[in-house]
Structure formats: structure tokens, C-alpha cells
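Working notes for the structure below.
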Amino acid sequence: MANLNLVQRHNSLFNRIEKATVENISELFYDVKDFYAECKDVDRISVKRIVDKYVEKFNQMLSDNAIAYEKKNEKLNKAKNERYDFSGEKDDTGAVQTMIFQLMGSLPKVNNKANAYVIDTAINNAIKSGVVGCKAVLALIQYPVYADMVNERQKAKALDCSKSDAQKAFERLMEKTQAEYGKQCVALYHQGARLRRLNKRVDSFMMSVREDEANAANVTRPSFWGSDDVAGVMRMHG
């Protein structure tokens with residue numbers, strides 16, 4: 001771009017700013033900064049137009065990112081709080097209660113090496129029996145005397161097999177949804193972090209621009225008297 005005249009550079013930057021993305025807004029910042037430094041004393045109005053255009057575009061990106069992250073995070077939290085609706089499930093409370101009593105009747109009162117095989121077999125058979133048996137095993141854990149009779153592997157198996165196909169499908173969907181929303185939130189967060197880091201440089205640059213404008217506004221222009229001090233000339237001719 002070094003060989004382009006000011007108008008061409010202005011138009012090229014203007015078009016690039018309009019089409020800018022988060023991925024190239026940082027690179028574009030340095031081109032705008034160079035344009036300002038090299039051309040501010042040639043055509044301050046055109047240069048100011050480019051600077052203002054860039055800042056407007058950049059601020060819009062910051063705002064859009066913050067809004068997008070907030071909305072996506074709301075969706076993520078909503079997905080995390082979604083709970084399966086058991087109202088459509090068959091009520092098996094009575095069957096589970098019966099199975100709990102059956103388990104208690106088949107299990108010894110003491111968990112020791114001598115009883116390990118009997119305990120393990122009873123728990124495994126209950127789990128293999130299906131949803132009702134798994135729910136009974138999970139309920140059995142709530143009783144202190146039986147709590148240590150169910151090992152961690154059996155707990156995990158009972159928990160998984162206590163769910164209906166519909167509940168499993170729902171949980172898989174929620175897990176996939178949360179993972180996707182989480183991934184999008186991370187991407188938006190990192191995108192916002194890049195923009196916020198750039199924002200510090202943009203703010204610093206704009207401070208220098210405002211200082212330049214203030215200094216330019218305070219420069220006394222020569223008068224038609226041929227002197228910078230118009231008041232002094234007037235006093236001379238008073």
C-alpha cells in the first residue's frame with residue numbers, strides 16, 4: 001500500500017474496515033495507525049474518517065462478542081439445569097419396594113469375607129434383573145447396614161441400568177448439547193479476550209489522536225496582517 005495515493009489508501013482501508021472480522025481486526029489496527037501517522041498532516045478530515053470508522057467497527061465487535069457470550073452462556077446453564085421428566089414413566093415404586101425387601105432378606109447382616117460371595121451374587125443378580133432391581137440396589141445403599149455391601153462398580157452399573165431408554169437418550173442429548181454450548185462459550189471467551197487486549201492499544205491510540213486534535217486546534221493561524229498575533233497588530237493600529 002506504500003505506493004498508493006492518499007485517496008486510494010483511504011478507500012482501501014474503508015472497505016477493509018467494513019468487511020473486517022475478529023480474526024483480522026488486530027492487523028487492521030496497525031494499518032489504520034500507520035495511515036494516521038503518515039497522512040494526518042496531509043488530509044486530517046479523511047484520516048479522521050478512517051479512525052472513526054475503525055473505532056466504530058471495533059466497538060461493535062466488542063459489544064457483539066459480549067452479547068453473544070452472554071446468550072450462549074445462558075443456553076449452557078439452561079441445558080445444565082434441564083431435568084428429565086419422569087411423568088411419562090411407568091410408576092414402579094411398589095415393585096422397587098418389594099425388591100428392596102427381597103434383597104434385605106437374601107443378604108447377611110454382616111459384610112465379611114465369609115459372606116462376600118453371597119453378597120456379591122445377590123447384588124449382581126438384582127442388577128441383572130433390570131430397572132426395578134437396579135433401583136432397589138440404589139435404594140439399599142441408603143441403609144447404613146447395607147451401604148458397604150455394594151461396591152463402586154456395582155453402584156455405577158446400577159445407576160446406569162436404572163434408567164429407561166428414554167431417560168438415557170435425553171441425558172445423551174443434554175451431554176452433547178452442553179459440550180457444544182461449552183465449546184462455543186470457550187471460543188467466544190477467547191475471542192473476547194483478544195478484543196479486550198486490543199482495546200487497550202486502541203484506547204492508547206485514541207488518547208494520542210485526541211491530543212493531536214487538541215494541539216492542532218490550539219495552533220494560531222497567520223492573519224491577513226501577516227502576523228500570528230492579531231491582537232498585537234490591532235493594538236499597534238489602535
Side-chain angles (χ1 to χ4, degrees), residues 1-79 177-237:
M1 292 184 65
N3 296 324
L4 298 178
N5 62 35
L6 187 145
V7 174
Q8 289 174 314
R9 290 182 69 180
H10 170 280
N11 292 343
S12 175
L13 279 171
F14 193 91
N15 290 332
R16 287 174 61 198
I17 292 169
E18 283 196 325
K19 299 174 183 177
T21 64
V22 174
E23 286 69 30
N24 61 25
I25 195 69
S26 181
E27 176 187 348
L28 190 53
F29 166 70
Y30 294 103
D31 291 338
V32 170
K33 195 175 179 181
D34 289 344
F35 181 66
Y36 177 83
E38 295 167 14
C39 302
K40 64 181 179 179
D41 295 328
V42 180
D43 187 344
R44 189 168 292 274
I45 294 176
S46 295
V47 171
K48 184 65 165 54
R49 185 183 298 119
I50 289 298
V51 170
D52 289 346
K53 179 75 173 176
Y54 178 86
V55 172
E56 178 185 6
K57 181 76 173 186
F58 177 71
N59 286 336
Q60 187 62 53
M61 284 185 178
L62 275 173
S63 176
D64 289 346
N65 173 267
I67 292 171
Y69 177 82
E70 182 178 353
K71 288 183 177 179
K72 196 64 65 176
N73 197 46
E74 285 179 0
K75 289 184 177 181
L76 174 59
N77 289 329
K78 183 177 179 181
T177 300
Q178 290 174 37
E180 183 59 31
Y181 285 153
K183 182 179 177 181
Q184 293 172 9
C185 280
V186 169
L188 286 167
Y189 177 83
H190 287 306
Q191 186 184 82
R194 292 199 302 273
L195 289 172
R196 288 187 290 274
R197 286 195 295 269
L198 177 58
N199 191 40
K200 294 178 181 178
R201 297 194 290 272
V202 173
D203 283 345
S204 178
F205 170 60
M206 288 309 298
M207 284 181 63
S208 66
V209 169
R210 286 189 287 270
E211 288 175 2
D212 285 347
E213 290 176 344
N215 292 335
N218 291 331
V219 172
T220 306
R221 297 181 179 278
S223 73
F224 69 91
W225 295 101
S227 170
D228 290 349
D229 189 354
V230 178
V233 173
M234 293 300 291
R235 285 195 297 272
M236 284 174 48
H237 291 269

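In what follows, residues are counted from 1 in the order of the sequence shown.
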Q | Side-chain donor/acceptor of Asn24 to backbone N/O of Ala20, under 3.5 Å | A | no
Considering only distance and modelled atom types, tabulate donor-acceptor pairs under 3.5 Å from the side chains of residues 200-211, sequence neighbours left out.
| from | atom 1 | to | atom 2 | distance (Å) |
| --- | --- | --- | --- | --- |
| Arg201 | NE | Tyr30 | OH | 3.1 |
| Ser208 | OG | Phe205 | O | 2.5 |

Q.
Could you check whether any side-chain heavy atom of Glu74 comes within less than 4.5 Å of a side-chain heavy atom of Asn77, counting everything from C-beta outward?
A. no
**Q.** side chain to side chain contact (heavy atoms under 4.5 Å, CB included) between Val22 and Leu195, worked out
**A.** CA-CA 8 Å; Val22 174; Leu195 289 172; 4.2 Å; yes
Q) Is there side-chain contact between Arg194 and Glu23, with at least one heavy-atom pair below 4.5 Å? A) yes
(Q) On the six-membered ring of Tyr189, is Arg196 placed so that its NZ or CZ lies under 6.0 angstrom from the centre and within 45° of the ring axis? (A) yes
**Q.** Listed partners of Asp43 passing side chain to side chain contact (heavy atoms under 4.5 Å, CB included), at least two apart
**A.** Leu6, Ile45, Ser46
Q. Closest approach of Cys185 and Leu76, non-hydrogen atoms and distance?
A. SG-CD2, 4.2 Å
Q. Partners of Ala79 by side chain to side chain contact (heavy atoms under 4.5 Å, CB included), sequence neighbours excluded?
A. Thr177, Gln178, Tyr181
Q.
With rounding to the nearest 0.5 angstrom, report the NZ to CD distance, Lys72 to Glu180.
A. 8.0 Å
Q) Would you call Met61 and Gln191 a side-chain contact if the rule is heavy atoms closer than 4.5 Å? A) no
(Q) Whether the side chain of Asn73 engages the backbone of Tyr69 through a donor-acceptor N/O pair (distance < 3.5 Å, no angle test) should be reported. (A) no
Q: Verify, without hydrogens or angle tests, whether Asn5 (side chain) and Gln8 (backbone) share a donor-acceptor contact under 3.5 angstrom.
A: yes
Q) Got a sec: does the CD of Glu18 have more than 12 other heavy atoms crowding it under 6.0 Å? A) yes
**Q.** Asn11: partners by side chain to side chain contact (heavy atoms under 4.5 Å, CB included), with sequence neighbours left out
**A.** Val7
(Q) Could you tell me if the side chain of Val32 sits less than 4.5 Å from the side chain of Val51, heavy atoms only? (A) yes
Q) So do Leu28 and Phe58 actually touch side chain to side chain, heavy atoms under 4.5 Å? A) no
Q. Nearest 0.5 Å, what's the CG-CD1 distance between Leu188 and Ile67?
A. 12.0 Å
**Q.** Atom pair CG (Asn15) and NZ (Lys53), whose distance is rounded to the nearest 0.5 Å
**A.** 9.0 Å
(Q) According to side chain to side chain contact (heavy atoms under 4.5 Å, CB included), who are the partners of Glu56, at least two apart in sequence or on a separate chain? (A) none
Q: For residues 33-42, pull every pair meeting salt bridge (Lys or Arg N to Asp or Glu O under 4.0 Å), keeping only residues two or more places apart or in separate chains.
A: Arg9-Glu38, Lys40-Asp212, Asp41-Arg44
Q | Side-chain touch Ile25/Ile17, heavy atoms, less than 4.5 angstrom | A | no
